Amino acid sequence: MTRVLLVDDERMVCAHLRAILSRAGDLEIVGEAYDGAEAVEAMVRLAPQVVLMDIRMPGVDGLTATEHAAVLPYPPKIIMLTTFDLDEYVVRALRAGAAGFVLKDTDPEDLIDIVRVAADGQAILSPVVIGRLVAAFAPGEPARRTARAAVAGLTERERDVLVCLGEGLSNAQIGARLFLSETTVKGYVSRMLAKLGCANRTQAALLAYDADLVSRS
């Protein structure tokens, strides 16, 4: 069972999400929170594996809660809920460690699949979406220098894997391109994320764009 926490300041939204996700026999809704402060407390207390979190809430918003969650000993995979698919808040949340985002009017079956994908540690966002977001809210030169310095510590093979993540490839696709087994790819991804201090594949993909390893076009 995948443990899921729901976070939204509108209780009706939480009820709607609960009704959708409860259809899946492998997803367990372990709790609800109605602002970012409650969300962080619930993450510590309930240890969810996936959090569906509204990005804009009164008081402590989803962005701030994501930043706090990133330093937890076992941070959950956070999926941001938003009504705007091209939003600076979304980009900031992804850079802070959110695994991805979904629109609030996402098809119920798609939402269930997205939660499963997030729980499995796979990328939620397509490379087209990541590229569009990065192009719209490109980092300044200081951020680029920081990203280039971070990737400078990678081996050549780790850089190859990072480029593949930036392009949105799965482990199987990376293995096929680089002539590696999926198990070997998983090892490279884990070591690379640890070296870069990235919480997940999405954050690493954004870093690849910031370091100009992947084209924004």
Side-chain angles (χ1 to χ4, degrees), residues 49-50 63 66-80 85-102 113-114 116-217:
Q49 294 157 280
V50 177
L63 171 61
T66 299
E67 292 171 340
H68 285 298
V71 300
L72 295 176
Y74 300 100
K77 305 295 191 303
I78 297 179
I79 304 170
M80 308 308 300
D85 65 344
L86 195 60
D87 188 335
E88 184 177 5
Y89 268 71
V90 169
V91 179
R92 289 172 59 193
L94 296 176
R95 294 190 191 283
F101 76 93
V102 296
D113 288 340
I114 287 168
R116 288 170 173 158
V117 168
D120 193 43
Q122 297 298 311
I124 296 173
L125 301 180
S126 72
V128 172
V129 173
I130 292 177
R132 185 160 54 90
L133 287 168
V134 172
F137 305 102
E141 189 55 34
R144 284 195 174 96
R145 286 197 297 268
T146 299
R148 290 169 189 154
V151 302
L154 299 178
T155 66
E156 182 178 356
R157 182 59 87 189
E158 287 167 345
R159 284 170 65 94
D160 291 341
V161 172
L162 179 59
V163 170
C164 291
L165 290 187
E167 294 176 1
L169 302 188
S170 66
N171 287 347
Q173 291 168 325
I174 295 172
R177 175 183 290 187
L178 302 180
F179 304 102
L180 300 170
S181 70
E182 278 195 65
T183 300
T184 301
V185 170
K186 288 179 181 178
Y188 273 118
V189 170
S190 296
R191 288 192 297 273
M192 185 195 61
L193 293 180
K195 277 189 178 182
L196 296 176
C198 291
N200 52 54
R201 299 166 74 100
T202 300
Q203 202 174 33
L206 286 168
L207 188 65
Y209 277 96
D210 291 349
D212 295 321
L213 297 181
V214 182
S215 172
R216 291 178 170 80
S217 59

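Keep in mind that this is a model prediction, so the values were computed, not measured. Just so it is clear, the values below take in all heavy atoms, side chains as well, and ignore hydrogens, waters and symmetry mates.
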Given Leu180 and Tyr188, is the side chain to side chain contact (heavy atoms under 4.5 Å, CB included) satisfied, shown in steps? CA-CA 10 Å; Leu180 300 170; Tyr188 273 118; 4.0 Å; yes
For residues [X] and [Y], report the shortest heavy-atom separation together with the two atoms involved.
{"X": "Thr184", "Y": "Ser181", "value": "OG1-OG, 2.8 Å"}
{"X": "Leu207", "Y": "Ala150", "value": "CD2-CB, 4.3 Å"}
{"X": "Asp210", "Y": "Arg144", "value": "O-CG, 3.4 Å"}
{"X": "Thr155", "Y": "Glu158", "value": "N-OE1, 2.9 Å"}
{"X": "Gly166", "Y": "Ala208", "value": "CA-CB, 4.3 Å"}
{"X": "Ile174", "Y": "Cys164", "value": "CG1-CB, 3.5 Å"}

Quick one: [atom1] on [X] to [atom2] on [Y], what's the gap to the nearest 0.5 Å?
{"X": "Leu213", "Y": "Asp160", "atom1": "CG", "atom2": "CG", "value": "10.0 Å"}
{"X": "Arg191", "Y": "Arg157", "atom1": "CZ", "atom2": "CZ", "value": "11.5 Å"}
{"X": "Ile124", "Y": "Arg116", "atom1": "CD1", "atom2": "CZ", "value": "14.0 Å"}
{"X": "Leu206", "Y": "Leu94", "atom1": "CG", "atom2": "CG", "value": "5.5 Å"}

Would you check, one step at a time, whether the test side chain to side chain contact (heavy atoms under 4.5 Å, CB included) holds for Gln122 with Asn171? CA-CA 9 Å; Gln122 297 298 311; Asn171 287 347; 4.0 Å; yes
Does [Y] offer a backbone N or O that forms a donor-acceptor pair with the side chain of [X] under 3.5 Å?
{"X": "Asn200", "Y": "Thr202", "value": "yes"}
{"X": "Arg201", "Y": "Leu169", "value": "yes"}
{"X": "Gln203", "Y": "Arg95", "value": "yes"}

Checking Val161 against Leu154 for the side chain to side chain contact (heavy atoms under 4.5 Å, CB included) test, could you report, in this order, the C-alpha distance in whole Å, the side-chain angles of both residues, the deciding distance, and whether it holds? CA-CA 10 Å; Val161 172; Leu154 299 178; over 6 Å; no
Holding to salt bridge (Lys or Arg N to Asp or Glu O under 4.0 Å), I want the full list of residues that pass it with Arg177, two or more places apart in sequence or in another chain.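 Only Glu167 meet the salt bridge (Lys or Arg N to Asp or Glu O under 4.0 Å) criterion with Arg177.
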Take a 6.0 Å sphere around NZ of Lys186 and say whether it holds more than 12 heavy atoms from other residues, nucleotides or ligands.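 Incorrect, the count does not exceed 12.
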Does the pair Leu162 and Val214 meet the rule for a side chain to side chain contact (heavy atoms under 4.5 Å, CB included), with working shown? CA-CA 9 Å; Leu162 179 59; Val214 182; over 6 Å; no
